There are 2 protein chains.
Amino acid sequence: MAEAAPRRHPTLDEVAERAGVSRSVASRALNNAPHVSRAKREAVERAVRQLGYVPNPTARALATRQTGAAALVVSGEDPSIFADPFFARVIVGASAALDEADLHLMLCLAASDRGRKRVEELMRSRGADGVMLMALREDDPLTRMADEAQMPVVFGGRPVGSAPRWYVDVDNVGGAREATEHLISLGRRRVAVICGRLDTEAGRARYRGYRDAMLGAGLDPYPPLEGDFTERSGAAAMAALLAGHPDVDGVFAANDNMAAGALRTVREAGRRVPADVAVVGFDDLMAAQIADPPLTTVHQPVEALGREMARMLVALVNGQDPTPLVLPTRLAVRASA
Amino acid sequence: MAEAAPRRHPTLDEVAERAGVSRSVASRALNNAPHVSRAKREAVERAVRQLGYVPNPTARALATRQTGAAALVVSGEDPSIFADPFFARVIVGASAALDEADLHLMLCLAASDRGRKRVEELMRSRGADGVMLMALREDDPLTRMADEAQMPVVFGGRPVGSAPRWYVDVDNVGGAREATEHLISLGRRRVAVICGRLDTEAGRARYRGYRDAMLGAGLDPYPPLEGDFTERSGAAAMAALLAGHPDVDGVFAANDNMAAGALRTVREAGRRVPADVAVVGFDDLMAAQIADPPLTTVHQPVEALGREMARMLVALVNGQDPTPLVLPTRLAVRASA
DNA sequence: GCTTCCAGTGGGAGCGCTCCCAAGCACGCC
DNA sequence: GGCGTGCTTGGGAGCGCTCCCACTGGAAGC
């Protein structure tokens, strides 16, 4: 039984011809649509197999006006912030959820002007069925583009200031509050804070949480000491802190990288963690476990964030109207506090 | 001057009509093709602006038989291996290079059978213009799919055993050799190795490099002690090593995560790094700098790997025939050795 | 003055699929 | 026995773009 020669690219018409049916019937059979007799359905399946037919997604997209792809856009001047494992985990979650809906994942790193222009084009041209937007800053041009997008947009984390129609976020305020309360419950009274960038909503919200906890315990919050989420900036901030407030006995850092930097500075200054200074971070990515001592930190459900963004987007693409989501955090207590 | 009402989605025909030209001319003007008079070109540009026209990429794709997208496929049972910052850096590099060629990046995490099936469909259906394949294991089903792909395929790292027609790799053997030689040059004579998974080419090649260096120096190589590239497996391997060979004075670990694990075990066993045991890693990602002490490690140009893969793919898509590439590594000497 | 040439132009045929619709046909019902 | 009724079926019109090709007229060549 000679299989048909693997011709370059059979079309649906050829399948139909071979199966002895019309293109319409072949199409219906392929899509498991009703109104196809058992016999013809099987004939089509046979022809598909013999010809090694694979539908052309582009043609299908043109006809259905659905691309079968969703885009994840990560904003940020410096593309290397993307190297943060945070995004990798988001992607893992989003990818899994999109797989379930048979959507492909397009990844756009909107770093340069060129990159942003391409994202804008994508959003205006229906080059995808929907977009997930992350890491927007204050006055990020992507915010405007999102308004004019010709497709559903889901935000990952709220942009500074405004809450968009659809978003998935992590409870930054609650997490920061819990972290700070943990330090206080350990008997620390001079608990300082190393903030993330205050032009991001996450940076602001985490400072708010810290502040709430301090005020709630009748303590004086320290003024925001701003880092940029890197290990280096955390180390620098900690050095400034030790210089200005030598009696500090607790530090809440707005992410693990900065906490790791703080750890290093404390160590180099000859003080012990947690005996002299207790440190709590935020994220609970790999860095927290590698750190010495292992970092007590606010665990945020990063893969879930990606997954829920994707699910929300799928819902929107299917014409539903999901509600925004704020995912809970929880404190992972380790040695540093 | 009333801007045209922002209709839902103007087509090229409407642009042509408004500009008073035929669709052909409008198309040519849009694509900067020749044979368009200056006047008509400007008329088209004006119409585009007034209508807010954006070309439909799907229609264009159907007509040109080019999707305008390239896929990066990452193989691996456990999707969380993708959380390794390694891939993030590859993506940064690839994304930048694809941007230059105006290609979009599709990301496929081929973890489940379902995911692999989707990748196969993508490759057989011309759902992308080309594919970059990474992290293949021995007998990885993706290898076969790649053979049958209807589009160019570039490998990132060679698959076990065979060298494909087009690939970009890092000089794993040379890097591992250099790392080991560094340890030997420090006077270490009992230099052990913690390998990566030996069902990956990188794992094997790095062991080969270690072995070469040892033999070259007239030393007995240790048998391969296999880890799986995780911090935990590195710690466990180091524990086994200390138990079986208490006199070991140098360790080459096939990646930084495992080296970090080894560091932890050595520290917990009350020995000093590098005084008692010197450790060298491989990768030079973030972990190497956070480690305590900072890790001497083989720096591999990860972003360049992604960039070169993408460039090679672009060349292939453009009908050229590029040659495989092996990128050099260099030793980053820090405190651990 | 008459070819020759070519930039400029628009008509029209696809690209490969979906989906609406009218037609065909075997039932079963009154 | 006439006439719905409902399942199958295939024709054909798109989806929005590219690109081949035939046609025009004015500049250049002899």
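Lettering of chains follows the sequences in order, A, B, ..., and the numbering in each one begins at 1. On a predicted model such as this, the values are computed, not experimentally measured, just so you know.
Dashed line: the shortest gap from a side-chain N or O of Ser22(B) to OP1 or OP2 of dG10(C) is under 4.0 Å. Within the 4.0 Å cut-off from OP1 or OP2 of dT18(D), at least one side-chain nitrogen or oxygen of Ser27(B) is found. For dG16(D), the OP1/OP2 oxygens have no side-chain nitrogen or oxygen of Arg126(A) closer than 4.0 Å.
When each of dG16(D), dC15(C), dG10(D) is scored by its nearest atom to the side-chain atoms of Val25(A), the top-ranked nucleotide is dG10(D). Counting only heavy atoms from C-beta on, His35(A) has its side chain closest to dT8(D) among dC17(D), dG14(D), dT8(D). The side chain of Pro55(A) lies closest to dC17(C) when the candidates are dT18(C), dC20(D), dC17(C). When each of dC17(D), dG10(D), dC15(D) is scored by its nearest atom to the side-chain atoms of Ala59(B), the top-ranked nucleotide is dC17(D). Of the candidate nucleotides dC19(C), dT18(C), dG16(D), dG16(D) has the atom nearest to the side chain of Thr11(B). When distances run from any side-chain atom of Val21(B) to the nucleotides dT9(D), dG10(C), dC17(C), the shortest one goes to dG10(C). Picking from dC17(C), dC17(D), dT9(C) the nucleotide with the shortest atom distance to the side chain of Ser37(B) gives dT9(C). When each of dG16(C), dT9(D), dG16(D) is scored by its nearest atom to the side-chain atoms of Asn56(A), the top-ranked nucleotide is dG16(C). Of the candidates dT18(C), dC19(D), dC19(C), dC19(C) carries the atom nearest the Ser24(A) side chain, counting heavy atoms from C-beta on. Among dT8(D), dC17(D), dG10(D), the nucleotide with an atom closest to any side-chain atom of Lys40(A) is dG10(D).
Looking at Asp321(B) and Trp166(B), their side chains come closer than 4.5 Å, going by heavy atoms from C-beta outward. Inter-residue side-chain proximity for Arg158(A) and Val326(A) is flagged as met; some heavy-atom pair is nearer than 4.5 Å. Contact of the Met312(B) side chain with the Met132(B) side chain is not registered, since no non-hydrogen atoms from C-beta on lie closer than 4.5 Å. Here the side chains of Val153(B) and Pro164(B) are not in contact, with every heavy-atom distance at 4.5 Å or above. The side-chain heavy atoms of Tyr53(A) and Leu30(A), taken from C-beta on, include a pair separated by under 4.5 Å.
Rounded to a whole Å, the CG atom of Leu12(B) is 10 Å from the C1' atom of dT18(D). Following rounding to the nearest Å, Asp13(A) (CG) and dA13(C) (C1') show an atom-to-atom distance of 15 Å. Atom CZ of Arg38(B) is separated from atom C1' of dT9(C) by 19 Å (rounded to the nearest Å). For Leu30(A) and dT9(D), the CG to P distance is 16 Å, given to the nearest whole Å. For the pair Tyr53(B) OH and dG16(D) P, the interatomic distance rounds to 10 Å; values are reported in whole Å. For Arg23(A) and dC20(C), the CZ to P distance is 15 Å, given to the nearest whole Å. Between the C1' atom of dG14(C) and the CG atom of Leu62(B) lies a distance of 9 Å, rounded to the nearest Å. For His9(B) and dC15(D), the NE2 to P distance is 14 Å, given to the nearest whole Å.
Place Val36(B) and Asn31(A) on DNA chain C by their nearest nucleotides, and Val36(B) ends up nearer the 5' end.
As judged by a 4.0 angstrom heavy-atom cut-off over every strand, Arg65(B) is placed among residues touching the sugar-phosphate backbone only.
Counting distance only, with no hydrogens placed and no angle test, the side-chain atoms of Arg28(B) and the base atoms of dG10(C) include a donor-acceptor pair under 3.5 Å.
The local environment of CG in Asp147(B) is crowded, with over 12 non-hydrogen atoms from other residues, nucleotides or ligands closer than 6.0 Å.
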